[in-house]
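We're numbering straight along the sequence, starting at 1. Ligands are counted one by one from 1 in listed order, and the atoms in each one are counted from 1 as well.
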Amino acid sequence: MRPEPIPEELLYLFHDKAYLDLLKKADDGHFEHEMLAAGLGTEENPVFKGMFRLALAIAGGTWEGASLLIEDRARCVFDPVSGLHHAGKAHASGFCYVNDIAVATCGLLKRGKKVAYIDIDVHHGDGVQDAFYRTNEVLTISLHESGDTLFPGTGYETEIGAGAGRGFNVNVPLRAGTDDEIYVSAFDAVVPPLIGSFKPDIVLAQIGGDTHREDRFAHLNLTSNGYKAVVGKINELSPRILAMGGGGYNVYKTAGLWTLAWSALVGAEPQDKFTGLVGGMMYGPEADVGSLEDPPFTLEGTEKDLCRAHADRVVKYIQENIFPIHGINPGP
Ligand SMILES: [Zn+2]
C-alpha cells in the first residue's frame, strides 16, 4: 500500500493545535526561539525543511494501517517507518514530532475498538504511556532497557497508571546486558496473561530493532532469535495487529529484524539465499550481514545473575500489583 499523508485535523485527536501550528511553522526549516519550549530545535529534535510534511506522511501510514484493520481488509499490517512513541501532546522528543501511535489509538477508540499497545523497542514508550495513563480503555505494555542507563529515563515498573487507568500501564524495565533467554521469559510471564485477560480487538505493536546486541545506542543483548520469538508470540496473541517499525540504529541488523518480523506476521519462512555470500564483500566485515539470522548468544556468570535477578524482581512486582487488578492469579 502507498499511504496518503494524514489529514491535519485528525492529529487534533491527540495533539494540541498550538503545537501543530509551531510544527507547521518549522516546516520551512527556520528555527524560532519560541519553538524551544516545545522541544523543537534541540539536538534530538532538530528543525528541518519538510519536517511537518514528514510527520503527516508517517502518521498517515499508521492511520491507514489501523483503517485497514477495522474495515476488515487485513489481519496484519506492518509499517516500518511508523511508531514514534516519544512524542507528547504538545512537545517533540527523541526525534518523534507527532505521536502516530496515540493518534491512531484515539481514532480506534472513537470507533469503539478495544486497543492493546505492546512496545518492544529498547526505549521506554513514554509518549504513549502519558497519552493513556489515566484510562482503562487502552492496555499499554512496554518492555525496554531500564531508564537507569537509557533515554528517556522513565518506564519503571512502579508507573502502573492512575485513576481509572491504574493497572492498565505496564512497564518491564530490564537491566543493561539482558539476553534473549531472560527477555523472552519476562515477556512470557507478563504479556500473555494480561492480553488474555484484556481481550483487545486490535493490538498495536511497536517492534523497534534497537534491542539488538549490535545496536549503536542501547545495551541489551538480544539476537534475531529472541526478537523473532517475541514478535511471533505478539502475533499469536493478536486477533488483528498493526506492527510499527520503531527504532533501530544498526541499519543492517534492523533491516534483517524487520524482515524476520514480517515473515513471522504472515507465517512465511524467509529464504536467506545470500547466507554466507554477501557480508564481507559488500559492506565490510564489521557489518556482519552475511546472514539474516544471528548465532545464539547467552550471557554467563555474574552479569547473567544480575540481569536475571533484575527481571525476576520486576516480574514479581507486576504479578503482585497489576495482575490482581485484572483478576489474574499471580501464580506460585
Ligand atoms: Zn528506540
Side-chain angles (χ1 to χ4, degrees), residues 39 42-46 54-55 58-59 61-62 78-88 91-105 117-131 140-157 159 169-180 183-184 186-187 191 203-224 226-228 230-231 234 242-262 294 314:
T42 61
E43 201 175 330
E44 63 174 87
N45 314 300
L54 176 66
I58 292 172
T62 313
F78 177 43
D79 181 355
V81 301
S82 65
L84 303 179
H85 60 171
H86 296 305
H91 71 270
S93 173
F95 209 68
C96 301
Y97 297 88
V98 160
N99 197 317
D100 58 313
I101 308 164
V103 171
T105 301
Y117 172 66
I118 305 175
D119 185 326
I120 59 166
D121 187 284
V122 78
H123 301 94
H124 174 225
D126 56 343
V128 184
Q129 164 170 307
D130 293 350
T140 305
I141 307 175
S142 178
L143 288 87
H144 44 264
E145 178 178 335
S146 166
D148 289 346
T149 45
L150 193 68
F151 178 90
T154 51
Y156 291 92
E157 65 275 18
E159 299 159 29
N169 187 80
V170 184
N171 283 311
V172 187
L174 296 158
R175 190 174 190 273
T178 293
D179 65 3
D180 285 338
Y183 190 98
V184 173
F187 179 95
V191 183
V203 171
L204 267 55
Q206 206 270 31
I207 57 169
D210 40 14
T211 47
H212 194 277
R213 57 192 308 257
E214 289 170 41
D215 192 82
R216 289 158 59 198
F217 298 135
H219 320 96
L220 294 193
N221 263 321
L222 267 67
T223 69
S224 65
Y227 178 85
K228 186 180 161 188
V230 165
V231 172
I234 294 173
L242 169 57
M244 299 162 282
Y249 307 96
N250 179 320
V251 289
Y252 302 113
K253 287 297 177 189
T254 302
L257 294 179
W258 285 345
T259 304
L260 291 170
W262 177 245
D294 302 316
V314 167

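- For Arg175, the salt bridge (Lys or Arg N to Asp or Glu O under 4.0 Å) test picks out Glu303, with sequence neighbours left out.
- Among the heteroatoms counted here (N, O or S) of Asp210, OD2 is the one nearest to the Zn ion (ligand 1).
- Between Asn171 atom CG and Glu157 atom CD the span is 8.5 Å, to the nearest 0.5 Å.
- For the Zn ion (ligand 1), the set of nearby N, O or S atoms under 2.8 Å includes one belonging to His123.
- Classification of Lys253 and Asp294 as a salt-bridged pair holds, one side-chain N sitting under 4.0 Å from a carboxylate O.
- Ring centroids of His124 and Tyr156 are separated by 6.0 Å or more, keeping the two rings apart.
- Within Asp121, the N/O/S atom positioned nearest the Zn ion (ligand 1) carries the name OD1.
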